[in-house]
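Report on the following structure.
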2 protein chains.
Amino acid sequence: MSELDRLVIMKLSNGVEWALHSCVTLSQSREPVPAARLAELHGTPPAYLAKHLQALSRAGIVRSRAGQVGGYELTRPAAQISALEVVRAIDGDGPAYRCTEIRQRGPLAVPAERCERPCAIARAMAAAEDAWADALRRVTIADLAARIDADSEGTAMAAVSRWLAATR
Amino acid sequence: MSELDRLVIMKLSNGVEWALHSCVTLSQSREPVPAARLAELHGTPPAYLAKHLQALSRAGIVRSRAGQVGGYELTRPAAQISALEVVRAIDGDGPAYRCTEIRQRGPLAVPAERCERPCAIARAMAAAEDAWADALRRVTIADLAARIDADSEGTAMAAVSRWLAATR
DNA sequence: TAGAACTCGGATAAAGACTGTCCGAGATCA
DNA sequence: TGATCTCGGACAGTCTTTATCCGAGTTCTA
Ligand code: FES
Ligand code: FES
């Protein structure tokens, strides 16, 4: 690990990247795709990716199908799944900034009866998080697939579909 | 720990809250304030708060003064210090979403020569983080102090100044 | 209808980050 | 000169994240 990487503190689980790419891949297949196939395609540990897919299943984003022809598939059209849903399913739906109410502690503690409204600092942090969430809510899995396809001059998604069909 | 707290995944260090409140407090004092005094006022572990104040010192937000009348003081007027600077100093200045470039792995790996531009997914996540950062960049420590004062009907900051002077 | 193979699902260890604490180096004042 | 107070980085404990495994359930085949 390089020095630069060590200075950077990781705040979001790296599984978010795998989950988003997996959703984009699933949007290109009409049939269920096994977790092991997705892991091979993305070069990730199979068992760990499966754990994240389970989280997506609990969130209602994907549906699992057991058996020989089983696997994972999207429950809704890709245009109706926002990136925010995927991130929240993996990383947790709680706020990143958690107010401990330290204003109610110490010699100058504010009485609880005056703390009906959140602290001004907590309000500012919550507003920033809302802006972050809104930016992600406006992007759908279909948008991401289209952009990746455009970056590859319209060859990437077709290659994915071909690979999925060939190794079925 | 309650069940609700366990469901919420903590992504941001809670030291961010202590640092922001400490900066607001420091903005109300013309003289250096020792870390132990700030810890007593906020009801936090003294040694751990000191560690975070050291991080603020490295970032150039506060200046430390050793000796009997030493302590911490802001290096600039509170109106020129953004909340984003404080958050970045404590939680790290790296992006929360870290792209691992998984598109360059696996059987359908994209050649590196085609990866000059970041992945579309990474771009969307970066745009969301920019929105978050912009919201925090527009808020200064002086703004937060004014809002906390307004919430307390103009008594909070005066009480802080009085307490700091009385216990000097 | 019985069998076999393939899949998901949760339960189980190892690693790293955050939390919390300590004592020494340095500076100021008497 | 000495004492006292301050910061600063170095030291353990706890929790989340990472990674992995084997059993339960389902589907196709003979
Ligand atoms: S008391 Fe939690 S942010 Fe002010
Ligand atoms: S390769 Fe990292 S987000 Fe697409």
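In the text below, chain A, chain B and the rest are named by the order of the sequence lines, each starting its count at 1.
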Specify the separation, in whole Å, of atom CD of A:E73 and atom P of C:dC8. 11 Å
Atom-to-atom span, OH of A:Y48 to C1' of D:dT20 - whole angstrom: 11 Å
Side chain to side chain contact (heavy atoms under 4.5 Å, CB included) with A:L26: of A:V160, A:I141, A:L38, only one passes, and it is A:L38
Value in whole Å for how far the P atom of D:dT16 lies from CG of B:N14: 13 Å
Assuming nearest nucleotide by heavy-atom distance, tell me which of A:R65 and A:K51 is located more 5' along DNA chain C. A:R65
Do other residues, nucleotides or ligands put more than 12 heavy atoms under 6.0 Å from the CZ atom of A:R63? no
To the side chain of A:P45, which of D:dC28, D:dT20, D:dG8 is closest? D:dT20
Given C:dC29, C:dG9, D:dT20, which nucleotide is nearest the side-chain atoms of A:Y72? C:dG9
Side chain of B:A47: nearest nucleotide among C:dC29, D:dG8, C:dC22? C:dC22
Please give, in whole Å, the distance from C:dA4 P to A:Q68 CD? 13 Å
Should B:Q54 be listed as having a side-chain N or O under 4.0 Å from OP1 or OP2 of D:dC7? no
Any side-chain heavy-atom pair of A:W132 and B:E129 under 4.5 Å: yes
Tell me the interatomic distance from B:L49, atom CG, to C:dC22, atom P, rounded to whole angstroms. 15 Å
Mark yes when over 12 heavy atoms from residues, nucleotides or ligands other than A:R65 sit less than 6.0 Å from its CZ; otherwise mark no. no
Round to a whole Å and report the spacing from CD of B:E40 to C1' of D:dT6. 16 Å
Please report, rounded to the nearest Å, how far the C1' atom of C:dC6 is from the CG atom of A:L38. 16 Å
Look at atom CZ of A:R114 and say whether more than 12 heavy atoms of other residues, nucleotides or ligands are closer to it than 6.0 Å. no
Atom-pair distance (CH2 on B:W18; C1' on C:dT19), nearest Å: 8 Å
Under 4.0 angstrom, heavy atoms only, what part of the nucleic acid is B:A50 near: base, sugar-phosphate, or nothing? nothing
Tell me which of A:H52 and A:G67 sits closer to the 5' end of DNA chain D, going by the nucleotide each one is nearest to. A:H52
Remember a base hit wins even if backbone is also touched, and classify A:G71 as base, sugar-phosphate or nothing at under 4.0 Å, heavy atoms. sugar-phosphate
Categorize A:R58 for me: base, sugar-phosphate, or nothing, with a 4.0 angstrom heavy-atom threshold over every strand shown. sugar-phosphate
May I ask you to evaluate whether B:S64 reaches the phosphate of D:dG8, defined as a side-chain N or O under 4.0 Å from OP1 or OP2? yes
Touch class at under 4.0 angstrom, heavy-atom based, for A:A35 against every strand present: sugar-phosphate
